[in-house]
Amino acid sequence: MSSTRTPAPVSNFIRAIIDADLARGLHNRIVTRFPPEPNGYLHVGHAKSICLNFGLAEDYQGQCNLRFDDTNPEKESDEYAQSIQEDVRWLGFQWSGDVHWASDYFDALYDFAVELINKGLAYVDDLSAEEMREYRGTLTQAGRNSPYRDRTVAENLDLFARMKAGEYADGAKVLRAKIDMASSNINMRDPAIYRIRRAHHIRTGDAWCIYPMYDYTHCISDALEGITHSICTLEFEDHRPLYDWVLDNLSIACHPRQYEFSRLELHYTITSKRKLLQLVNNQQVSGWDDPRMPTISGMRRRGYTAAGIREFSRRIGVSKSGNSVDMAVMEGAIREDLEAIAPRVVAVIHPLRVTITNFEGAAEREADFHPQHPELGSRVVSFGRELVIEADDFAEVAPPGWKRLSLGGEVRLRHSYVMRCDEAVKDEAGRVVELRCSIDHATLGKNPEGRKVRGVIHFLSCEHALPAEIRLYDRLFTVPAPDADKEVDFCTYLNPRSLTVVPGWVESSVKDAAPETRYQFERLGYFCSDRRDHQPGGKLVFNRTVTLKDSWTKEAGSL
RNA sequence: UGGGGAGUCGCCAAGUGGUAAGGCAACGGGUUUUGAUCCCGUCAUUCGUAGGUUCGAUCCCUACCUCCUCAGCCA
C-alpha cells in the first residue's frame, strides 16, 4: 500500500537524448536494461538506477530488461540473484519477459570471439598477468606490443579452441582484442576479453572453463537484446570506445548507445558493495537487511516504502555532476508517503507513570486512525486512573516556549481530557518517578471554559497498554562522508548509537498487526513492525522508520 | 605531468544567445486535540575564475583554477 500519485518526470540529459532519438526516428520505442552482477545485495544506488531504467521504459512505453551480468562465477551466487529479483519487484517494477543472463549468450559470445580472431582483431596471449601489466604502460607512457601479438589467425583459432577445451591452466593464456597498445585510453590497449577460470558457475555449472570479460560481454548482450539506450555510471565513460569498437567490428546489426550518469552519494552512508559486505561479515550490522543498511532490503525492513524510494529517486534527478545528497531528501520523500498512508496510533517509549486522582473506573472514546483520511477507520482509546505519558513531555519547571506538561500546568491528553499536574513524586535521588494529576471532567471532546490549553500530549492507559520492543535507529555513521578519506578506515566513523532498543508500550489496536505494518506513533515518528521478529498477537517489535519533523527539539536546542 | 568527465542557492537540479524553473533544507506567518500534516510568504542582480565575440553570454571562443575518474586475467 502506497500513495499512488505520480508526479511529472523531471527533465534530464538522458531524456533529452531519448526525445531527440525518437523525434528523428532512430527508434520507434526504447529498450533499456538493469544489469546487476549477482554478487551482493542491491543498495540505494542501485535503486536510483532501477528507477531510471525501468522508469524511462514506463514513461516512454518501451521495455526494460533485467539482465544478470554473470561473467565472473567466483563472486556470484543464486542467493544474490534471488534477492535482486525480489528487490526490483518490491520497488514496484516488472522486467520485460524472462530474466536475461549474460550466460545465456556464452555460445554466441564464443562465436563472436572466433569472428574477431578471423578478422585478425583478437589474439591469444601467453603473457602472465604481471607481464601484461608491465607491457600495458602507464597513464603517461604508451604500452608495448606483446610478443604473441602477431600470431597467425590459424594459430589463434587453434589456441582459443584449446583454451575452451580445457588444455591450459587457469591464467595461462587470455584472448585479447587487438586494438592499440599506444592508445591514450588504457582500456583500448589490447584488453583481455576471455580468461581461463575453472570455477563453478551458478547457471552453466562446469560447462565452461573460459569466461568472457565485462567489456566484451556487455555491449554484445545489449545488442543481442536490442537495447537502445545502455545507461551506466560515470566510471564506464572510458569504456565507451571499447563498447563501440567491439560492436563496430562484429557482424551485429544492432548498435546500442551507452550513456553515463553520476552515481548516487548519500550523506552519512556508504554504497560500496565491498564495504557493505565488510559490515555484514564483521557483524557490525545484523545482516544485509539490517534496518540501518542502505540496501533495498534494509530500507524495506526499516519501513521505507517503495513509493517513497521512487519519489526520492525522482527528486534527486539524473546528471553527470558529482553529488552527495542530503539524507533529508530521502527522509522527506519517505515521510511524504507515510504521512498519507500510515494509521495514527499511540505508543509510549520512555514511560512516566501518572495517577489521575479524581477519576475512578474506565472510559472509552473513539478516535480516527488518520485525521485526514476517515476511510482508514477508527479504534477505541481507553482512559483509566493509571496512565503512562512520555517522560519528555513533563518538565517540573517549564522552559521558555514549553507547550507540554509542567508542575501546576495543564495539557490536553490526546483524544481525551484536559489534565493538570498537581504533584511530582520523586525518588531518593530526586528523579521524578510519578505524577499525580487531575482531569477536568468537562473537557472531553470540548475546550475548557475561560482558559486556553495549548499543548497536547499522548498517553496510554496502563490497564490497556501492550508491551512492545521498540528499535530506534539513527544514522549508521557519524560523519557525512565516511569513506571520503582513503587514509581512514570508514569503520572508525560507525555511530555507536545507531541502534537503541527500548521496552515501550503500544495501544491495544496494534496487537494483531502483521509484520511490515506501518504506523505513525503520534508525536514520535513512523514505525514499522519488523519483518523478521515481530509476532502478531505475541512479541511486538517495531522499528522506527523515521522521526516526525520536530521544530520543538530544534527550538529547544538553540535556546 | 596522458586520456576521459564535471563545475548553476546550504544539498540536489532544470535551463538557454534575450536577461536564472523546481525540490529538499532554512527562515517568517496562519490553521490545528500530533510542536506533525496543511496553507501562505521569504530565500542566486547571479551561473568556478579571467579575458574575448555580441546590442545582449550562465549559454559561443580563449586561457586558467578546482574536483572526479582510468594502469583487474572484477563489474
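All values reported here derive from a predicted model rather than from experimental measurement. First the proteins, then the strands, lettered A, B, ... as listed; each starts at 1.
- For A/Arg475, the side-chain contact (heavy atoms from CB on, under 4.5 Å) partners are A/Tyr268, A/Asn495, not counting sequence neighbours.
- B/rG72 has its base syn relative to the sugar, with a glycosidic angle deviating from 0 by at most 90°.
- The nucleotide whose nearest atom lies closest to any side-chain atom of A/Ser319 is, among B/rA13, B/rC70, B/rA75, B/rA13.
- Scanning for side-chain contact (heavy atoms from CB on, under 4.5 Å) contacts around A/Ala395 gives A/Pro399, A/Trp402, with sequence neighbours left out.
- Picking from B/rG3, B/rA75, B/rC11 the nucleotide with the shortest atom distance to the side chain of A/Ser184 gives B/rG3.
- Residue pairs that meet the salt bridge (Lys or Arg N to Asp or Glu O under 4.0 Å) test with at least one member in residues 165-176 of chain A, sequence neighbours left out, are A/Asp125-A/Arg176, A/Asp126-A/Lys173, A/Arg162-A/Glu167, A/Asp170-A/Arg198.
- Note on residues 338-347 of chain A: pairs passing salt bridge (Lys or Arg N to Asp or Glu O under 4.0 Å), not counting sequence neighbours, are A/Glu339-A/Arg344.
- Contact annotation for A/Asn39: no contact, since no heavy-atom pair falls under 4.0 Å across all strands.
- Residue pairs meeting the ring-ring contact (aromatic ring centres under 6.0 Å, His included) criterion with at least one partner in residues 178-198 of chain A, sequence neighbours excluded, are A/Phe160-A/Tyr194, A/Tyr194-A/Tyr216.
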Using a cut-off of 4.0 Å between protein heavy atoms and nucleotide atoms, how would you tag nucleotides 27-39 of chain B 5' to 3' with B, S and -?
S-----BBBSB--

Applying the Watson-Crick and G-U criteria (both distances under 3.5 angstrom) with [ ] for crossing and | for other-strand pairs, one obtains for RNA chain B .((((((..(((.....[...))).(((((.......))))).....(((((..]....))))))))))).....

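- Contact annotation for A/Asp238: base contact, defined as any heavy-atom pair under 4.0 Å involving a base atom.
- Checked against B/rG15, B/rA75, B/rA71, the side chain of A/Ser11 finds its nearest nucleotide in B/rG15.
- Shown here are the side-chain contact (heavy atoms from CB on, under 4.5 Å) partners of A/Ala182, two or more places apart in sequence or in another chain: A/Ala142, A/Asp180.
- With sequence neighbours left out, A/Asp393 forms a side-chain contact (heavy atoms from CB on, under 4.5 Å) with A/Glu390, A/Arg404, A/Ile457, A/His458, A/Arg523.
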Look for any protein N or O under 3.5 Å of an N or O in nucleotides 57-60 of chain B and output each such pair with its distance, or none.
none

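- Taking the six-membered ring for Trp and the full ring otherwise, the centers of A/Phe369 and A/Tyr519 sit at least 6.0 Å from each other.
- Near RNA chain B, defined here as any heavy-atom distance below 4.0 Å, the residues from residues 160-177 of chain A are A/Gly171, A/Val174, listed numerically.
- Taking atom CD of residue A/Glu237 and atom P of nucleotide B/rA6, one finds them 7 Å apart after rounding to whole Å.
- Side-chain proximity of A/Leu234 to the nucleotides B/rA25, B/rG5, B/rU1 is greatest for B/rG5.
- Scanning for salt bridge (Lys or Arg N to Asp or Glu O under 4.0 Å) contacts around A/Arg274 gives an empty result, with sequence neighbours left out.
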